[in-house]
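To start, the structure under review is shown below, and the notes come after it.
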Amino acid sequence: MTEKQPLLEVSHLKKYFPAAKGAEVKAVDDVSFTIYRGETLGMVGESGCGKTTCGRTAMGLYPRTGGQVLFDGRDVHALRGAAKQEFTRRAQIIFQDPYASLNPRMTVADIIAEGIDIHGLAKSREERTERVYDLLNMVGLNKEHANRFAHEFSGGQRQRIGIARALAVNPDFIMCDEPISALDVSIQAQIVNLLVTLQKERGLTYLFIAHDLAMVKHISDRIAVMYLGTMVELTAAEQLYEHPLHPYTQALLSAIPIPDPQVERDRRRIQLEGDIPSPVAPPPGCRFAGRCGRACERCRQEAPALREMEPGHFVACHLV
Ligand code: SF4
């Protein structure tokens, strides 16, 4: 078996934002994980759990408050000049909202070719046009679409344009920031299938962010579950679905509908009480304690560390 090669290594990453009266929003608070070449790491959690901020800070879009992010061994936040330019080519983003992320005044060809122009990847006008046609073809569109504007397309087609734009610069890594959340359920599977196919063809590595576990199931090799700025569980996808250890993961999984009506009737749902607390003043101890049916005194006083309970299966819970 070939050894796994790390591509993105995130260590003790912190991202705090200033809040009113000198307080801080601890959006990401000491998060560590590695993404290996060619894999998809799914990152899941409710709104406000810090998953998008974590991804964006790891991509160097926000300065970090603490910790370190290495991309191919180099500190993302220390990159300057040509090295930074090369990183912005190699690491791309597909955004959540295909309606807002495409410039309405640009043709599809110009949207897709923007990165080709910035990074000087086409030697002539003809080569640029050929690349745009190839990219349209690759994402299931065609060259007749090149001179149209984004508003002429459906949500699923716009997300295909967003994917073509990301692929245009031959990246190694793509952060997919809730790329299917704004789409109809019938379209979601098509976009996930397209991303899986492109990954196989082009050896891509993905960070795939979503707000529920159903969305990451078919694309992830491993899954990280975030809660209130911290990572509470990280393991192989099949292990997470079959043998979740953290009470929060168990609650998220119990909320996914099962197509078999008999199984659906007999299963036990774990109700999550209350909302995710404010990241301005997170509770001391375990951040999930206020909503956890198994919380004990220790949970309210001492924050559980993320520990490896089984090979490759990391959990932050005192009772596991
Ligand atoms: Fe629940 Fe305690 Fe585990 Fe936190 S540490 S998830 S409160 S049992």
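Note that the coordinates shown come from a computational prediction; the quantities given were computed from them, not determined experimentally. Computed over heavy atoms, backbone and side chain alike; hydrogens, waters and symmetry mates excluded. Just follow the structure's listing: the first ligand is 1, and inside any ligand the first atom is 1.
Listed by number with element, the atoms of ligand 1 under 4.0 angstrom from any heavy atom of L319 are 8 (S). The distance from ligand 1 to the heavy atoms of H318 drops below 4.0 Å at these ligand atoms: 3 (Fe), 5 (S). Atoms of ligand 1 found under 4.0 Å from any heavy atom of P247 (numbered from 1 in listed order, with element): 6 (S). Taking every non-hydrogen atom of A295 and a distance limit under 4.0 Å, the qualifying atoms of ligand 1 come out as 7 (S).
Ionic pairing of D110 and R105 is not present here: no N-O contact between side-chain nitrogen and carboxylate oxygen is shorter than 4.0 angstrom. Taking 4.0 Å as the cut-off between side-chain N and carboxylate O, E114 and R165 do not count as a salt-bridged pair. In this structure, R37 pairs ionically with D72, as a charged nitrogen and a carboxylate oxygen lie closer than 4.0 Å.
For atom 4 (Fe) of ligand 1, the closest heavy atom belonging to the protein is C286 SG, 2.4 Å.
Proximity of a side-chain donor or acceptor of Q96 to a complementary backbone N or O of C176 within less than 3.5 Å is not detected. Looking only at distances, no side-chain donor or acceptor of N137 sits under 3.5 Å from a matching main-chain atom of Y133.
In H246, the part holding a heavy atom less than 4.0 Å from any atom of ligand 1 is the side chain. Of the heavy atoms in C317, both backbone and side-chain atoms come closer than 4.0 Å to ligand 1.
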Could you go step by step and tell me if E238 and H243 meet the side chain to side chain donor-acceptor pair (under 3.5 Å) rule? CA-CA 8 Å; E238 61 276 22; H243 190 40; over 6 Å; no
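Distances from atom 2 (Fe) of ligand 1 show that C296 has no N/O/S atom below 2.8 Å. Residue contact annotation: C292 places an N/O/S atom under 2.8 Å from atom 1 (Fe) of ligand 1. Taking 2.8 Å as the threshold, C299 does not count as a candidate ligand of atom 4 (Fe) of ligand 1, since none of its N, O or S atoms lies below it.
Checked against a 6.0 Å centroid threshold, the rings of Y227 and H246 do not count as neighbours.
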